[in-house]
Amino acid sequence: MKMTFLGAANEVTGSMHLVESPQGRLLIDCGMFQGHRRQAEKKNRTFQTAPDTVDAVVLSHAHIDHSGRLPLLHARGFNGNIYATSATRDLCSIMLRDSAHIQQMDAEYINRKRAKNGEEPVDPLYSQLDGTKVLRHIVSVGYGRRFSPVPGVSGRLVDAGHILGAALIRLDFNGVSPPLRFGYAVDLGRPGMPILRDPESLADDGPLDVLVLESTYGGRHHDPPEDMEAELGGLVNRVVERGGKLVIPAFSVGRTQNVLYSLHKLFIEERIPSVPVFVDSPLSVNATDVFKMHPECYDDEAASFVEDGGSVFTHRSMHYVSSLAESKTLQRRRRPAIIISASGMCEAGRILHHLKNTITNERNAVGIVGYMAEHTLGRRLVERHEQIKIFGKMYPVRCEIATMNGFSAHADHDGLLDYADSVAGPDTRIFLVHGEEKATAPLLAALRERGHTNTTVTSSGMTVDL
Ligand SMILES: [Zn+2]
């Protein structure tokens with residue numbers, strides 16, 4: 001048996017790993033590379049394995065860096081089953097089509113440039129139709145249910161505590177001797193996250209033989225999730241007292257719903273005044289609808305919300321904005337309000353219009369609830385640049401910028417170590433993926449110190465015998 005790391009090895013996007021056993025060729029995740037447009041574009045067009053030779057895919061969750069190349073895999077000849085939870089399937093149904101739309105816009109942008117240089121146009125990575133067709137291949141599997149992606153292999157998806165529907169993957173390769181117990185913890189969430197249950201063990205029957213572990217936040221520490229509600233409440237109160245607006249750039253899937261849930265609780269407990277909340281992003285609105293459809297993924301607290309006749313995301317102060325006309329009206333609003341909008345790193349979308357109308361006034365605030373990668377507008381806000389360029393024009397930053405990193409949906413350094421301890425013994429082979437070097441190096445050292453001496457940092461294209 002062997003495994004090849006085809007993406008998210010020594011980097012944080014493009015999760016894709018091929019496991020080959022005598023019984024079949026199995027792909028775990030099929031994610032999109034994100035980042036620098038030209039580099040990502042090239043990597044996304046190249047599969048390092050022939051799609052028509054892959055027998056099945058097991059999908060951990062709907063985030064595009066894990067699912068985004070499924071339409072292309074299918075368009076290039078993959079014809080097998082894709083195993084995922086039903087919430088992941090439903091989120092994919094909106095996210096893959098949204099991704100196709102972005103691919104189309106990207107191709108148009110590139111083609112305008114190519115036309116100027118007299119070059120041939122390029123096709124988008126995939127079409128909306130590709131994004132729809134691949135959905136037929138998804139086989140929904142409930143948490144904890146057994147499935148057999150290829151003969152001789154028994155699979156099980158367990159709670160990841162990351163986003164709705166996200167799963168850690170356990171695969172038992174029974175067709176090889178000795179049988180191999182394999183676990184995949186990418187992306188691993190955190191205990192105590194709002195709405196979702198805590199990450200579950202992949203090894204309730206003894207240590208795994210192989211563990212593939214993410215390392216995004218190796219060497220870093222998050223604030224506890226419990227603190228974020230109090231921080232958010234404090235921020236809302238300050239802004240309302242000043243008569244200002246609070247703008248929160250948030251990823252459409254996961255972060256937006258966590259913020260909404262926290263606000264809902266703060267409203268009910270009367271810890272904040274009833275200020276209107278606007279969710280201004282069509283994808284966020286659609287994703288929130290999918291969250292409403294899947295109470296089977298909720299933890300006890302969120303489930304009791306539903307039992308009491310409420311919905312986690314419905315409150316008289318909450319308003320969902322889909323149309324552009326409504327969004328434009330909202331941009332002109334002067335009275336206190338909370339506006340949650342995408343994109344998460346402030347690189348595109350409606351958030352830019354809101355920021356432009358917010359940052360120049362000291363009464364207002366921007367709430368940062370997610371990771372802001374280098375060279376993004378979001379990062380420049382976190383770093384408090386004096387002036388920020390939006391749509392080609394410079395704007396002075398006079399408003400409050402509040403960073404709340406308790407909202408992270410990834411395990412931090414200690415969380416990763418604790419999880420590894422709970423599923424891996426001294427003989428377990430651990431492969432670190434999904435992390436840049438500055439994150440994997442401290443995690444590797446700490447794992448070895450704890451007796452996990454059989455730990456390897458993977459690199460793209462690397463093949464290991466299992
Ligand atoms: Zn994720």
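Atom set for the values below is all heavy atoms of this structure, side chains included, hydrogens, waters and symmetry mates excluded. What you are looking at is a predicted structure, and each value in this text was computed from that prediction instead of being measured. Just follow the structure's listing: the first ligand is 1, and inside any ligand the first atom is 1.
Around the Zn ion (ligand 1), the protein atoms of type N, O or S that sit closer than 2.8 Å are His61 NE2, His63 ND1, His162 NE2, Asp187 OD2.
For Arg69 and Phe47, the positive end sits near the middle of the six-membered ring, less than 6.0 Å away and at most 45° from its axis.
Using modelled atom types, one side-chain atom of Arg170 and one backbone atom of Leu202 make a donor-acceptor pair closer than 3.5 Å.
The ring pair (Phe, Tyr, Trp, His ring centres under 6.0 Å) search around His264 returns Phe305, His315, not counting sequence neighbours.
Among His61, His221, His222, His162, the single residue meeting the ring-ring contact (aromatic ring centres under 6.0 Å, His included) criterion with His410 is His162.
Under 4.0 Å is where a charged nitrogen must lie from a carboxylate oxygen, and between Asp289 and Lys292 at least one such pair does.
Below 30°, between 30° and 60°, or above 60°: for His434 and His66 the angle between ring planes is below 30°, a parallel geometry.
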